[in-house]
A.B. asks: 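For reference, the structure I am asking about is given below.
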Amino acid sequence: MLKTNTRRQFFKKLGAATGAITIGSWLDPINALAIDNAFERILAKTPEESAKDEEFWYWVRQSYTLNYSLVNLNNGGVSPQPRVVQEAFENFNNMSNEAPSYYMWRVLDKGRERLRNSLADFAGCSPDEIAINRNATEALDTIVLGLPLKKGDEIVLSKYDYPHMVNVWKLREKRDGIKLKWVDLPMPIEDKDKIVSLFEEQFTSKTKLVHITHIINWTGQILPAKAIAAKAHERGIEVLVDGAHSFAHLNYKIPDLDCDYFGTSLHKWLCAPFGTGLLYIKKDKISKVNPLFPNVEIELDDIRKFEHLGTRSFPAEYAIKNALDFHLNIGPERKHARLSYLRSYWTDKVKDLPKVKFFTSQQDEFSCSLFTFGIDGFSPAELEQGLMKKYNIHTSLVNHEAVAGVRVTPHVYTSTKDLDVLVNAIRELAV
Ligand SMILES: Cc1ncc(COP(=O)(O)O)c(C=O)c1O
């Protein structure tokens with residue numbers, strides 16, 4: 001749709017959405033003209049074509065406050081915020097400090113419903129299905145601990161789910177006598193039907209819920225959440241999706257996954273302030289879930305009952321809107337295409353090195369930015385240290401089940417030159 005827009009329409013659109021051009025808005029007039037031209041050019045391109053337009057992505061990079069002495073390829077853990085988000089946070093924080101109880105509770109909090117509407121619009125669901133909270137852990141724990149389950153009920157989950165989520169399920173197993181049924185997945189796996197059947201094999205008449213990690217943090221493997229959900233729903237099994245790594249990374253709306261419950265952090269791929277997250281519950285399921293922090297004054301079927309979190313950082317919460325605007329400025333489709341392109345860019349250059357082993361698929365259906373590799377003769381710790389000590393490349397060490405390597409996660413500000421540094425390092429280490 002953007003392709004047919006004129007530049008004027010595009011900037012009008014940005015202005016309407018954000019009140020300001022968020023990418024590079026602080027730049028001097030010469031640079032502003034350059035960014036204007038870069039935007040104009042990519043509007044005529046498909047997302048795949050614009051994924052390779054290094055000049056456009058250079059301007060996106062300029063929107064961040066990076067330390068160029070380090071190549072940060074661990075954006076999976078938590079992402080940096082663009083300058084506009086940092087500034088919004090600081091402004092809200094400064095204002096709050098003038099009189100916290102007044103500015104946080106009486107001024108900033110007036111914007112809560114507007115923020116909810118914006119998030120719901122982006123996520124493709126009703127505002128009555130979105131609760132704003134602090135992170136994916138809080139969102140997912142709310143479901144795991146809040147669902148009414150009894151002894152003998154079964155939950156299907158995978159050995160590659162996030163450790164905190166595995167632990168909270170184990171707590172319910174210990175406390176309430178529910179049974180956990182484990183799916184084992186080969187890594188990588190490029191057979192959608194096989195993945196679905198591995199989950200389906202664990203379903204029984206006692207299964208109440210399936211826990212699906214949409215993008216597995218250890219390897220970046222994308223699971224076909226919708227197809228697994230379809231099989232679960234055929235049997236009346238509910239679906240919980242851990243979208244910590246897929247939200248604002250892959251281009252989808254929450255209802256596309258056909259899940260009942262969904263949790264994500266917003267400080268990962270959306271680049272919102274640290275300590276921000278989102279919980280989605282399908283409207284007709286809200287009343288059955290007990291909030292972690294109850295408030296009897298809120299109706300049982302009101303999603304706001306999950307926002308009774310006590311005092312927290314309202315400045316962080318309200319700057320989520322600035323991160324969302326920044327994301328929409330880039331364009332979710334264009335961002336998804338760029339992240340896929342960056343993955344292909346570096347993995348294609350090292351895939352034929354005999355000592356290099358991939359734990360992630362190179363196919364777009366099964367991976368995007370997150371990618372895990374190993375080198376024969378290196379333990380994960382040695383590889384992570386080797387990349388850091390000599391090349392100043394920051395990655396994440398992975399040693400879980402059958403995966404032993406390091407995970408690499410570029411973000412929208414990562415340049416192909418950064419990835420050339422990685423490629424060069426792998427070539428030198430994998431001799
Ligand atoms: C798959 C997955 N789920 C949940 C989480 C928890 O996210 P947070 O620490 O932001 O709550 C993470 C964190 O990396 C994750 O990778």
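All values reported here derive from a predicted model rather than from experimental measurement. Every number for a ligand or one of its atoms is a count from 1 in the order of the listing.
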A.B. asks: Using distance alone, with no hydrogens and no angle criterion, decide if Asp109 and Tyr318 have a side-chain donor and acceptor under 3.5 Å apart.
C.D. replies: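 Yes, a side-chain donor-acceptor pair sits under 3.5 Å.
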A.B. asks: Give the numbers and elements of all ligand 1 atoms closer than 4.0 Å to a heavy atom of Thr137.
C.D. replies: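 In order of number, 6 (C), 7 (O), 8 (P), 9 (O), 11 (O).
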A.B. asks: Check the pair Phe371, Thr219 against side chain to side chain contact (heavy atoms under 4.5 Å, CB included), reporting the backbone distance first and the verdict last.
C.D. replies: CA-CA 6 Å; Phe371 198 97; Thr219 60; over 6 Å; no
A.B. asks: Would Arg112 and Phe314 count as a cation-pi pair here, with the cationic atom under 6.0 angstrom from the ring centre and within 45° of the axis?
C.D. replies: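 Geometry flag: set, cation within 6.0 Å and 45°.
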A.B. asks: Starting from atom 14 (O) of ligand 1, which protein heavy atom do you reach first, and at what distance in Å?
C.D. replies: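 Of the protein heavy atoms, Lys268 NZ, 2.6 Å lies nearest.
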A.B. asks: Under 4.0 Å from a heavy atom of His245: give me the atoms of ligand 1 that qualify, with their elements.
C.D. replies: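 Under 4.0 Å from His245, ligand 1 has these atoms: 16 (O).
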A.B. asks: Please list, in number order, the atoms of ligand 1 under 4.0 Å from a heavy atom of Thr213.
C.D. replies: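 Going through ligand 1 atom by atom, the ones under 4.0 Å from Thr213 are 1 (C).
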A.B. asks: Among all protein heavy atoms, pick the one closest to atom 15 (C) of ligand 1 and tell me residue, atom and distance.
C.D. replies: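 Of every protein heavy atom, Tyr162 CD1, 3.2 Å lies nearest to atom 15 (C) of ligand 1.
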A.B. asks: Does the side chain of Tyr341 pick up a donor-acceptor pair with the side chain of Glu48 at under 3.5 Å?
C.D. replies: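 No - no donor-acceptor pair under 3.5 Å links their side chains.
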A.B. asks: In terms of the angle between their ring planes, are His249 and Trp269 parallel, tilted or perpendicular, with boundaries placed at 30° and 60°?
C.D. replies: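 Parallel, since the angle between the ring planes stays under 30°.
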A.B. asks: Polar-atom distance check: Glu138 versus ligand 1, any N or O pair below 3.5 Å?
C.D. replies: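 Among all N and O atoms of Glu138, none is under 3.5 Å from an N or O of ligand 1.
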A.B. asks: What atoms of ligand 1 come within less than 4.0 Å of a heavy atom belonging to His267?
C.D. replies: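 Counting from 1, the qualifying ligand atoms are 10 (O).
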A.B. asks: More than 12 non-hydrogen atoms from neighbouring residues, nucleotides or ligands closer than 6.0 Å to CD on Glu299, yes or no?
C.D. replies: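 Atom CD in Glu299 is not packed in, count stays at 12 or less.
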A.B. asks: Can you tell which of Leu266, Asp141, Thr264, Asp242 gets a heavy atom nearest to atom 2 (C) of ligand 1?
C.D. replies: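 Among Leu266, Asp141, Thr264, Asp242, the closest heavy atom to atom 2 (C) of ligand 1 comes from Asp242.
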A.B. asks: Could you tell me whether Lys226 and Asp258 make a salt bridge, using a distance below 4.0 angstrom between a side-chain N and a carboxylate O?
C.D. replies: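 Between Asp258 and Lys226 there is no salt bridge, as every charged N stays at least 4.0 Å from the carboxylate O atoms.
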A.B. asks: Under 4.0 Å from a heavy atom of Ser265: which atoms of ligand 1 are those, numbered in the order shown and with their elements?
C.D. replies: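 With Ser265 as reference, the close atoms of ligand 1 come out as 7 (O), 8 (P), 10 (O), 11 (O).
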